[in-house]
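Here is the structure we will look at, set down as structure tokens.
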Amino acid sequence: MSVRVRFAPSPTGFLHVGGLRTALYNYFFARQNNGKYVLRIEDTDRSRYVEGSVENLIKSLTWAGIEFDEGPHIGGEFGPYIQSERLEIYRYWAHHLVEIGCGFYAFDTSEELEQARSAYPHHEFKYERYKMRNQFTLGEKECKSLIEAGVPYVIRLKVPENEEVRFVDIIRGEIVVNTKEVDDQILLKSDGYPTYHLANVVDDHLMKITHIIRGEEWLPSVPKHILLYKAFGWEIPRMAHLPLLLNKDKTKLSKRQGDVAVEDYIEKGYFPDAFVNFIALLGWNPTSDREIYAMEELIEKFQLEKVNKSGAIFDVVKLDAINAKYLYSKSPVDLAPQLRDWLTKRGKNGGKFSLAYLEKVVILLRERVKKLPDIIDFAPYMFEKPNSYDFDYFIKHWDDKVEVYLREILNFLKVIEDFNHHVLHEQITCYLSERQLKLKDIIHILRLAITGLSYGAGMFETMEVLGRQEVVERLEHFLEVVLPELRTKSNEKF
RNA sequence: GGCCCUAUCGACUAAUGGUUAGGUCACCACUCUUUCAAGGUGGUAGUAGGGGUUCGAAUCCCCUUAGGGUCACCA
């Protein structure tokens, strides 16, 4: 039988990074087995629905390079792929369950249930099938007339009294749970919508899903699903429950402790392939001697059985390190237009810089930052004249004699025949040695004059990329306007 | 609290009964150096604890401890 897997998010806003990993593992598994990958939207809770989130979800998934074979955006022979468009199907199967004696009608209101629950400490309440208002306590006739009178009802799963439900998880092995622990789960809500448990089982069966790969938070509800498959007489798909992604304190990854939406990471400037690489290695590893893998290789090497059982902490430091490696290995030619887009996105009018210039900027600064747009913050002087100057840096390196040298160097720069870093380095070093000086005697103030900062790429390389005219303008401005101000300020201070 | 899951350096992980317990990130030192990085070299650091089984246990079993998930007319 050919492999069919699905990713089934609910449209509550955005794609969670944990969701991305689940989507990724499903994708690896599908591709590797030449199977089909289905996107199904589980929107059976109308109150949590967020407008536009389906588009948002697909956008993030597409950014990550995940493609589907069937789904609401592309169709397929098992549609519709949005659960709210399949209500009749769930209603049919819910009622069928009652008919075959595995489900029952109940009329308790939310308030009544709430009250019953509050009488118990912790979560010890379990639905009392033979005490509350349902088809067993009311009788068939009363039950029927209530339904005909339009009284709202739900359909619950009739869980066997004392049976062992066992199943084999691909990652965790055999798991056994006694039905004593399983509640008479509501399957069809009073608004006519199914709960997750019903919709999920029905759809997985109807869509011929062979492998269910999802987060560990679903493990406790598997017995309910097994019971449903058995009641319907359906084949149970193979299951694999993935370990959770964790915060630093090892709790389930949550919004309070950092960004959990994939779009947050898109916005921060991580590369999709780097992000996918990082996420894929949280909970699984092809071999331990390498950590950079392209999508194709991840697909090829993925092994569901080798996925870890324990949760993995989402560590941004590691993500940054991986992204930095991608940044360094990507072609500057490809990166230049991306940098231009980031500049524009950050309000810097990227259009005014040539791609040739931006390419040089990338080469100059890529090994000093983690993410492409970080270049803008790290080296703002590559895109505009400095608007402030690091005073501490000035104090640390200023010497009155430097001004004379700087003026001479300025004149020198105006006429130097070849404005490239080799020549600049060589000639300036030569000039300095004639005066018994070292590079470090002037280079810091030169850096301050040109960049305003105490750090950055190699000074001569930076000057070459900025170009003669720009360098000369900055140096003149520094000597005529900025320097007097800095000296006054330092005199005041000491 | 019940049930279920889990447990290797700070983090991600490798080692599926026999290794001086390996790698990457982070950290530290040294080196390079015009700043900041990057690079190079080296280093600190781990099998939660206790019992078994075995010639031999990170690995198998049990207990303890710790952490997590879950217990909705949410998914």
Side-chain angles (χ1 to χ4, degrees), chain A residues 8-12 42-45 47-48 83 106 108-110 113-114 117 120-126 152-156 169 171-172 175-178 180-183 185-197 199-200 214-223 241 243-244 246 248-252 278 281-292 306 308-322 324-325 328 365-369 378-379 393 397 425 428-429 438-444 446-448 451 453-460 462:
Chain A
S10 63
T12 53
E42 309 216 326
D43 60 341
T44 54
D45 183 356
S47 66
R48 293 213 310 163
Q83 290 186 327
D108 320 277
T109 63
S110 299
L113 288 166
E114 190 57 41
R117 239 190 298 273
Y120 291 81
H122 298 288
H123 288 89
E124 283 171 32
F125 172 78
K126 202 181 158 207
Y153 66 90
V154 300
I155 290 178
R156 285 180 179 267
D169 184 276
I171 295 169
R172 289 155 212 284
I175 293 169
V176 186
V177 179
N178 192 292
K180 281 187 288 193
E181 312 297 336
V182 184
D183 208 1
Q185 180 68 47
I186 289 178
L187 300 174
L188 193 69
K189 299 184 256 186
S190 58
D191 64 0
Y193 278 66
T195 56
Y196 171 87
H197 308 285
N200 196 259
R214 79 228 303 183
E216 191 187 347
E217 68 268 28
W218 292 110
L219 207 48
S221 52
V222 172
H241 289 86
L244 262 15
L246 273 24
K248 275 192 200 70
D249 66 1
K250 292 190 186 271
T251 52
K252 191 173 167 182
F278 168 69
L281 264 34
L282 252 27
W284 166 75
N285 235 326
T287 50
S288 64
D289 59 351
R290 256 179 71 199
E291 61 175 6
I292 301 298
K306 287 195 70 180
N308 279 190
K309 296 182 184 73
S310 54
I313 293 174
F314 182 99
D315 182 6
V316 184
V317 176
K318 182 84 173 189
L319 168 61
D320 279 345
I322 290 179
K325 282 194 179 173
Y328 192 72
L365 293 153
R366 60 183 172 179
E367 65 201 35
R368 291 174 167 77
V369 296
F378 182 81
Y393 191 45
H397 295 284
H425 192 166
I428 288 179
T429 308
K438 292 256 167 57
L439 212 43
K440 65 179 179 194
D441 294 323
I442 61 108
I443 196 128
H444 299 290
L446 185 61
R447 174 178 296 282
L448 183 70
T451 71
L453 297 171
S454 62
Y455 54 85
M459 203 53 237
F460 300 115
T462 302

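Letters A, B, ... are given to chains in the order of the sequence lines, protein chains preceding strands, and every chain is numbered from 1.
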Touch class at under 4.0 angstrom, heavy-atom based, for T251(A) against every strand present: sugar-phosphate
Pair assignment for rG17(B), Watson-Crick or G-U wobble, requiring both distances under 3.5 Å: none
Distance in angstrom units between Y455(A) OH and rU33(B) P, rounded: 24 Å
Side-chain donor/acceptor contact of S190(A) with base of rC73(B) under 3.5 Å: yes
Sugar-phosphate only, base, or nothing, as touched by Y193(A) at under 4.0 Å among non-hydrogen atoms: nothing
Sugar-phosphate, base or nothing in reach of S221(A), heavy atoms under 4.0 Å: nothing
Touch class at under 4.0 angstrom, heavy-atom based, for L282(A) against every strand present: sugar-phosphate
Ring geometry between F378(A) and Y455(A) (parallel below 30°, tilted from 30 to 60°, perpendicular above 60°): tilted
Sugar-phosphate, base or nothing in reach of D320(A), heavy atoms under 4.0 Å: nothing
Sugar-phosphate, base or nothing in reach of R48(A), heavy atoms under 4.0 Å: base
Whole-angstrom distance between rC32(B) and rU41(B), as gauged at atom P: 15 Å
F314(A) and F278(A) aromatic ring geometry - parallel, tilted or perpendicular at 30°/60° bounds: perpendicular
Mate of rG69(B) where both pairing distances stay under 3.5 Å, Watson-Crick or G-U: rC3(B)
Complement of rG56(B), any strand, by Watson-Crick or G-U distances under 3.5 angstrom: none
